[in-house]
Amino acid sequence: MKSYFSLLTLCFSSLLLLAAFSLAGCARMGTPDGGPYDETPPKVVHTSPKYGAANEKNAQKVVIEFDEIVKIDNAMEKVVISPPQINQPEIEALGRRITVTLLDSLKPDMTYTIDFADAIVDNNEGNPHGDYAFTFSTGASVDTFQVSGYVLEASNLEPIKGMLVGLYKVEEGDSLQQLPDSVFCTVPFERISRTDSRGHFVVKGLAQGKYQAYALKDQNQNFFYDQRAEMVAFSDRILATSSKPDIRPDTIWHDSIYYDSIVMTPYIHYYPDDVILTAFESAEKNRYLLKSERPILQQFTLYFTAPSDTLPNIKGLNFDAKDAFVVDASQHNDTLHYWIKDSLVFNLDTLEMQIDFFETDTTGNLALTSDTLRLVSKLTKAKLAKQQEELFEEWADEYRQRIKRERRAAQKAEKEVEAESLADNAAAADEDAAPEDKKKKKKSKDDEDDIVIPPMPEEFLEYRISNTQGMAPDKNIDFTFNEPLDSVDLSKIRFSVKVDTLFKPAPFLFRPVPGKIKTYRLYAEWVADSVYQVEIDTAAFVNIYGKRNEARKLGVKIAPLDTYSTLFVTLQQADPTAIVQLLDGSENVVKTVPAPEGVAQFYFIKPGNYYLRLFNDTNGNRQWDTGDYHRHQQPEQVYYYPQPLVLKAQWEITQEWNPTSQPLYKQKPLSITKQRPDRERVRRNRNAEREKNKSR
């Protein structure tokens, strides 16, 4: 009996225990969180050779071991080895180990730096190891000096990401003139770095001394400037390395939003740290004929890779090229559109010609060369005839439908007249005969065989006109034609201004726009809040193919003054050659104003947000010009006003601006900077974030 109760007690206890486990399971439904996140960044536990070791003459392979599994993000972009390696090194992350194998022979008495930047992260949580650079030396000591700065695009101060920055050492007593320009064109960099998304660079592992800095978009990866198409920057500044103890504030973050504290950390500050290199593409690129094409019968185009002061000489092989073309050339003669005037020439299926032009030879100089072209139109005569046939059929169908509609309308009108007549006529015979006659007539009129299709109407000259509604008083009207004009008859153009309720003649000029053979401009003395009228008669414009314009009447409305803003920019310490540009939010140029007296005046500005850019027009051609390394010519200097300007209607604003008050890399407003800085990698306190989310 006792054993029976003991067994019963045991079974009851087991049931209670099973129930408790079941309840616990119900209370904790879902997947366990797996414990706290690993927030500790990976740590280096061993390296071979040792970090900062000297006399490592055979250290072709560098091994770095960590306390956890790591990976390298974007090694090709972020890892930089200095001095530069002609043979691409092998970089591998496997488990807790990173291995870098140098394939170039090690140089004697040289400090080697493998700069990983922030590329090393742990495998699970992506915690960054930090800005890490491994260094060793094949000589008796390790060089530790650094030079840092920024590389910006010369024309618009955009930060340039991924630009190679290199240094050459200038021996004591040397000057820039004693370091030949040919060094940059023939000798690989001695020390290198690469810019980040802010355009910032740090060249590490330098010996104390003097250096000269360059930047290069190295297309063939040989670490020197040997192609004119490569973007380049150079500076006359001699950089003398130095250092001193300093303190920087380091933020200790609690989570992604809040921080715990700011710790003042001592470090060694290396100088110079303010190097600015403005990069440019030389206008003197290698020149050759890129391609040729003939999109339509009447026109062909030659595309060159670089500008030229002269046009090619064309000799027709199956036609007479003398006075055969009208040339529409780009500003620098690198794109040339040839309009063929003679129909006997452009109706040839194939144009055979010899062109003589200047091309860059193997020595890098321009030399006269010849090429033979056979140009076949993409739009052949057969295709053109088919298009004309389709256009005629479309026109004929529309004409037939129009005639049928007109006939039906006429029949309906006749029927209505007939019905009225029948109502007044009591004769039954007339009532019976008339409808039959009408039905026969209707059938005859509905028969399309008697519809004669006339020739298509005249195809008039097409052109575009710039906006004329709400036009500013300082603008003019542009007429842009599809083909070059042969003649303009000013007697068939009338211009008038509205006075009270009548239009009265007013003076005007109508002239071609320089450098644009297909664009003409109508100039007049426009008055705010006034209405004008332009009347253009038929054949006022006739193009080189005899096509004339259709008559047209154009209304012009000049906006009132109270819809505009006025801006005066007063420059301080500016160059007398300064030209100031007003930009919109897309960095398009709205207005360009010279400021020889230190004041740029902008009138008739529509309300909105604007930006200011300035360049020193040193050659006086009223446009920004690039540099040329071989001529030791820097690009024209560009500056940005660092803040947007808000202009409102009826406002008159005077803005003072000292273009040199801030360093160039701080000038361009972020709101119009296209190269945005990458998000900085920081260690996230994910455990604190999770606890905060649980408490909500």
Side-chain angles (χ1 to χ4, degrees), residues 150 152-159 274 276 278 466-467 469-477 523-530 557-625 635-674:
Y150 293 83
L152 309 174
E153 191 167 342
S155 63
N156 55 21
L157 300 192
E158 279 283 322
D274 59 349
I276 304 293
T278 52
S466 57
N467 182 38
Q469 297 304 309
M471 194 174 77
D474 60 343
K475 297 292 184 181
N476 290 289
I477 305 174
Y523 300 88
E525 293 185 2
W526 310 101
V527 178
D529 202 17
S530 297
K557 179 69 173 69
I558 306 300
L561 290 177
D562 59 8
T563 60
Y564 295 108
S565 179
T566 303
L567 172 65
F568 300 109
V569 180
T570 303
L571 301 176
Q572 300 172 352
Q573 299 182 17
D575 193 279
T577 65
I579 289 182
V580 184
Q581 294 177 318
L582 190 68
L583 312 176
D584 63 16
S586 299
E587 213 171 347
N588 299 313
V589 178
V590 177
K591 287 181 182 293
T592 299
V593 175
E597 304 298 328
V599 177
Q601 301 176 350
F602 296 94
Y603 296 97
F604 309 119
I605 307 300
K606 293 181 179 180
N609 293 345
Y610 294 91
Y611 302 85
L612 291 174
R613 178 170 62 201
L614 179 153
F615 68 91
N616 293 332
D617 185 25
T618 53
N619 62 358
N621 64 353
R622 297 198 58 142
Q623 65 182 19
W624 180 84
D625 290 288
E636 291 179 335
Q637 186 62 63
V638 172
Y639 303 91
Y640 275 75
Y641 184 71
Q643 301 295 332
L645 298 175
V646 180
L647 303 182
K648 297 184 179 181
Q650 303 184 55
W651 279 23
E652 184 177 292
I653 298 176
T654 299
Q655 180 64 57
E656 293 186 353
W657 179 19
N658 182 352
T660 61
S661 62
Q662 290 194 24
L664 292 179
Y665 72 91
K666 290 184 176 181
Q667 290 193 7
K668 188 167 187 178
L670 186 61
S671 53
I672 57 172
T673 299
K674 298 176 181 61

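- For Tyr564 against Ala472, the heavy-atom pair with the smallest separation is OH-CA, 3.2 Å.
- Between Ser586 and Asp584, the closest heavy-atom pair is N-OD1, 2.9 Å.
- In this structure, Asp575 and Gln637 have side chains that are not in contact, with every pair of non-hydrogen atoms separated by 4.5 Å or more.
- Looking only at side-chain heavy atoms (C-beta outward), Leu647 and Pro607 stay at 4.5 Å or farther from each other.
- Side-chain contact check for Asn619 versus Asp617: some heavy-atom pair is nearer than 4.5 Å.
- The existence of a salt bridge linking Glu587 and Lys668 is confirmed by a sub-4.0 Å separation between a basic side-chain nitrogen and an acidic carboxylate oxygen.
- Nearest heavy atoms, Leu152 versus Pro159: CD2-CA, 4.0 Å.
- In this structure, Asn588 CG and Leu583 CG are separated by 8.5 Å, a value rounded to the nearest 0.5 Å.
- Here the closest non-hydrogen pair linking Val580 and Ala595 is CG2-CB, 4.3 Å.
- A heavy-atom distance below 4.5 Å is found between the side chains of Pro594 and Arg622.
- Donor-acceptor pairing under 3.5 Å is lacking for the side chains of Asn616 and Thr618.
- Residues Gln581 and Val593 have side chains not in contact (no heavy-atom distance under 4.5 Å, counting atoms from C-beta outward).
- Trp526 is listed as a side-chain neighbour of Ile477, based on a closest heavy-atom distance under 4.5 Å.
- The nearest pair of heavy atoms linking Pro635 to Trp624 is CB-CZ2, 3.7 Å.
- In this structure, the side chains of Leu567 and Tyr610 stay at 4.5 Å or more apart for every pair of heavy atoms.
- More than 12 non-hydrogen atoms from other residues, nucleotides or ligands lie less than 6.0 angstrom from CD of Gln469.
- Note that the CG atom of Asn156 and the CD1 atom of Ile672 stand 9.0 Å from one another [nearest 0.5 Å].
- Heavy atoms only, all atoms of each residue included: Val589 and Arg613 are closest at CG2-NH2, 3.6 Å.
- Contact check for Leu614 versus Val638: no side-chain heavy atoms found under the 4.5 Å cut-off.
- Using a distance-only test at 3.5 Å, with no hydrogens or angles considered, a donor-acceptor pair links the side chain of Gln667 to the main chain of Tyr640.
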For residues 650-661, dump all side-chain donor-acceptor pairs below 3.5 Å to protein atoms at least two apart in sequence or in another chain.
{"residue": "Gln655", "atom": "NE2", "partner": "Tyr641", "partner atom": "OH", "Å": "2.9"}
{"residue": "Glu656", "atom": "OE1", "partner": "Gln572", "partner atom": "NE2", "Å": "3.1"}
{"residue": "Asn658", "atom": "OD1", "partner": "Thr660", "partner atom": "N", "Å": "3.2"}
{"residue": "Asn658", "atom": "OD1", "partner": "Thr660", "partner atom": "OG1", "Å": "3.0"}
{"residue": "Ser661", "atom": "OG", "partner": "Asn658", "partner atom": "O", "Å": "3.0"}

I'd like a table of donor-acceptor pairs (distance under 3.5 Å, sequence neighbours excluded) in which one partner is a side-chain atom from residues 599-606, with atom names and distances.
{"residue": "Gln601", "atom": "OE1", "partner": "Tyr603", "partner atom": "OH", "Å": "3.2"}

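- The side-chain hydrogen bond (donor to acceptor under 3.5 Å, both in side chains) check on Tyr665 picks up nothing, with sequence neighbours excluded.
- Other residues, nucleotides and ligands place more than 12 heavy atoms under 6.0 Å from the NZ atom of Lys557.
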